[in-house]
Amino acid sequence: YSREDNNFNQDVYIYEMNRDKTHNISMHPDDDYMPCWSPDGRFLYFLSKRADNNTDIWRVALTRQWHDLSEGEWQELMEKEEEKNDEKKEKQKKSTEKSPIPLTIDFKDIHLRMAHMTRLLGEELELVVIGDSKHILFTAQNDEGTGLYSIKWNGKGKNVLLPNVSTPGALTLIEEQAETFCYYISKGKLYKLKVNMPSGNEDNANASPPKNIPFNARLVIDRANENAQKFDEAWRQLRDHFYDARFHGADWNALYKKY
């Protein structure tokens, strides 16, 4: 997750539940936010303004093993895994259950294992990682508008899936019958986009035209409860952040009960 400090700077954190310990992963004075795990448990991707005050995609290797591999070693590893994946697909046809992937994190000097993934002229806005962990989908804004792009796990092979989308958001990936679909919202409408990711180490990802999914929803608002919630939130904000801890002599708890 990401959170702001008292200077309104965002960093990315990982919380170890079994040790009740929080680790600052990004440790940088510029904003780092929107973390996204790679399903294979090797990397954590996130957005950062640490380079030239421009929002790009960055990646941190969760162990030194994945940080230290050369490009040739990665290529050899990917080819071997592609062969194993073919065997797994055959087994999965007979079983619907998927084995969980173990997650190992080496927190020592983890903030030094960063890699710069994108360097577009505009601002990257949102990202999601494909289930095979080999491709990342993201939205980015430039002079021509906002587009939906894909890159490989190593930052190479950039492709434009949709050149101009009006304010896309809430990217969500869903796998349906061995096919990947990206759902997103644009101008209040829900769209479904079939993403054709290449097999093996090819680069040419592409997408079919997006399909609008019409829907109706009914919203019921309880004005009394809504106003009570507003009051509670405003009271808590002043309780926690008012510059005078003594509230100029006022009993803040008593005033809450009174009003």
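Scope of the values below: all heavy atoms of this structure, side chains included, with no hydrogens, waters or symmetry mates.
- Lys108 and Arg113 get closest at one heavy-atom pair: O-NH1, 3.1 Å.
- Around CG of Asn18, the count of heavy atoms belonging to other residues, nucleotides or ligands within 6.0 Å exceeds 12.
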- Audit row: Ile130, Thr180, side chain to side chain contact (heavy atoms under 4.5 Å, CB included) steps and yes/no: CA-CA 8 Å; Ile130 296 287; Thr180 300; 3.8 Å; yes
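- Cys182 places none of its side-chain heavy atoms less than 4.5 Å from the side chain of Thr172.
- Atom CG of Asp52 is surrounded by 12 or fewer heavy atoms from other residues, nucleotides or ligands within 6.0 Å.
- Side chains of Arg3 and Gln10 form no contact here, defined as non-hydrogen atoms less than 4.5 Å apart.
- Side chains of Lys194 and Glu179 form a contact here, defined as non-hydrogen atoms less than 4.5 Å apart.
- Looking at His28 and Asp32, their side chains never bring a donor and an acceptor atom within 3.5 Å of each other.
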I would like to know whether Leu125 and Gln141 meet side chain to side chain contact (heavy atoms under 4.5 Å, CB included); could you show each step before the answer?
CA-CA 7 Å; Leu125 305 173; Gln141 193 173 40; 4.2 Å; yes
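- Checked against the 6.0 Å centroid threshold, Phe247 and Phe242 count as a close aromatic pair.
- Note that OG1 of Thr118 is 8.0 Å distant from CG of Asn54, once rounded to the nearest 0.5 Å.
- The minimum heavy-atom distance linking Pro209 with Leu193 is given by the pair C-CD1, 4.1 Å.
- Using a 30° and 60° split on the angle between ring planes, Tyr191 and Tyr184 fall in the parallel class, below 30°.
- One side chain, Tyr15 or Asp20, offers a donor N or O that lies under 3.5 Å from an acceptor on the other.
- Centroid-to-centroid, the aromatic rings of Tyr149 and His135 stay 6.0 Å apart or farther.
- Checking Glu233 against Gln237 by side-chain atom types alone, no donor-acceptor pair falls below 3.5 Å.
- Remark: Cys36 SG to Glu126 CD distance equals 9.5 Å, nearest 0.5 Å.
- Figure legend: cation-pi geometry between Arg42 and Trp66, with NZ or CZ positioned under 6.0 Å from the six-membered ring centre and within 45° of its axis.
- Side-chain contact between Lys49 and Glu123 is present, with at least one heavy-atom pair separated by less than 4.5 Å.
- Note that the OG atom of Ser26 and the CG atom of Leu47 stand 11.5 Å from one another [nearest 0.5 Å].
- Aromatic ring centres of His67 and Phe43: separated by at least 6.0 Å.
- Side chains of His116 and Asp56: a donor on one and an acceptor on the other come within 3.5 Å.
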>> Applying side chain to side chain contact (heavy atoms under 4.5 Å, CB included) to Tyr183 and Leu171, what does each step give before you reach the verdict?
In response: CA-CA 6 Å; Tyr183 290 80; Leu171 298 183; over 6 Å; no
In sequence, state the C-alpha distance, the side-chain angles, and the governing distance for Phe46 and Trp58, and then conclude on ring-ring contact (aromatic ring centres under 6.0 Å, His included). CA-CA 6 Å; Phe46 60 94; Trp58 286 71; 7.3 Å; no
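- Rounding to the nearest 0.5 Å places CH2 of Trp37 at 5.5 Å from CG of Leu44.
- Using a 4.5 Å cut-off on side-chain heavy atoms (C-beta onward), Tyr13 and Ile25 make no contact.
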Fill in: CA sep, side-chain torsions, deciding dist, call: Lys134, Lys152, side chain to side chain contact (heavy atoms under 4.5 Å, CB included)
CA-CA 6 Å; Lys134 293 184 174 66; Lys152 295 179 66 176; over 6 Å; no
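- Taking CD1 of Ile136 as the reference point, atom CE of Met117 lies at 7.5 Å (rounded to 0.5 Å).
- Annotation: side chain of Gln75 is not in contact with side chain of Met78 (no heavy-atom distance under 4.5 Å).
- Within 6.0 Å of atom CD1 in Ile221, more than 12 heavy atoms from other residues, nucleotides or ligands are found, so the atom counts as buried in its surroundings.
- Side-chain contact between Leu148 and Phe138 is absent, with no heavy-atom pair separated by less than 4.5 Å.
- Between Arg119 and Glu124 there is no salt bridge, since no side-chain nitrogen of the basic residue lies less than 4.0 Å from a carboxylate oxygen of the acidic one.
- Under a cut-off of 6.0 angstrom, the local environment of CD in Glu226 is crowded, with over 12 non-hydrogen atoms contributed by other residues, nucleotides or ligands.
- Looking at Phe231 and Tyr256, their side chains come closer than 4.5 Å, going by heavy atoms from C-beta outward.
- Neither side chain, Thr63 nor Asp106, offers a donor N or O lying under 3.5 Å from an acceptor on the other.
- For the pair Lys192 and Ile213, the tightest heavy-atom approach, listed with the atom from each and the gap, is CB-CD1, 3.5 Å.
- Of the inter-residue distances, the one linking Asn253 atom CG with Leu255 atom CG reads 9.0 Å to the nearest 0.5 angstrom.
- Relative ring orientation between Trp153 and Trp74 is described as tilted, the plane-to-plane angle lying within the 30° to 60° band.
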